[in-house]
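Down below is the structure, laid out as structure tokens.
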Amino acid sequence: MKKRIALFPGTFDPFTIGHQSLVSRGLALVDEIIISIGINEKKQTYFSIEKRIEAISNLYKDEPRVKVMSYNSLTVDFANEVGAAFILRGIRTVNDFEYEKSIADVNRKLSGIETFILFTEPEHTHISSSIVRELLNYGKDISQFVPKGTNLY
């Protein structure tokens, strides 16, 4: 029987707390999840791709059904490349739903790949990667917003 693989592109920074609950719920739907980090040289990020891969891989070191990879292409092209049957998208609020639904529609038309849209748990809806990056930028303690055991430095 063929594995049901889902690609989980970083719709919010995987360092933020709440990400693991989305991955756990995604694993209830599929056999394997590939957390993918898109490389875009024009987009400046706070952490290097290598640092993000290392930190995310460390979070899931005890979960063999989760892999972390980077890619430099369209999400749907990468999904096809790794044999993903589904794309997972995480959202924080109902307002995000229409935007994510439009992305899901485009992905389906481009590749035929369906998208699962998962809501972040209510207690995590206020935590966005942009807030965490802003706090980091000003030297604030972000430990309450990131999963335990995440080594950022």
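These numbers were taken from a predicted model, which means no experiment stands behind them.
Between Glu100 and Arg89 there is a salt bridge, since a side-chain N of the basic residue sits under 4.0 Å from a carboxylate O of the acidic one. Using a 4.0 Å cut-off between charged side-chain N and carboxylate O, Asp105 and Lys101 make a salt bridge.
Residues passing the side chain to side chain donor-acceptor pair (under 3.5 Å) test with Glu81, sequence neighbours excluded: none. For Leu74, the side-chain contact (heavy atoms from CB on, under 4.5 Å) partners at least two apart in sequence or on another chain are Val76, Asp77. Scored by the ring pair (Phe, Tyr, Trp, His ring centres under 6.0 Å) test, Phe116 finds Phe86 as partners (sequence neighbours excluded).
We find the CD1-CG distance between Ile5 and Asp31 to be 8.0 Å, quoted to the nearest 0.5 Å. Rounding to the nearest 0.5 Å gives a distance of 8.0 Å between OG of Ser70 and CD of Glu50.
Between Leu118 and Leu22 there is a side-chain heavy-atom pair separated by less than 4.5 Å. Ile103 places none of its side-chain heavy atoms less than 4.5 Å from the side chain of Thr115. Leu7 places none of its side-chain heavy atoms less than 4.5 Å from the side chain of Leu88. Within the 4.5 Å cutoff, the side chain of Ile37 has heavy atoms near those of the Ile56 side chain.
One N or O on the side chain of Arg4 and one on the backbone of Leu29 form a donor-acceptor pair closer than 3.5 Å. Counting only distance, with no hydrogens or angles, the side chain of Ser102 and the backbone of Tyr99 share a donor-acceptor pair below 3.5 Å.
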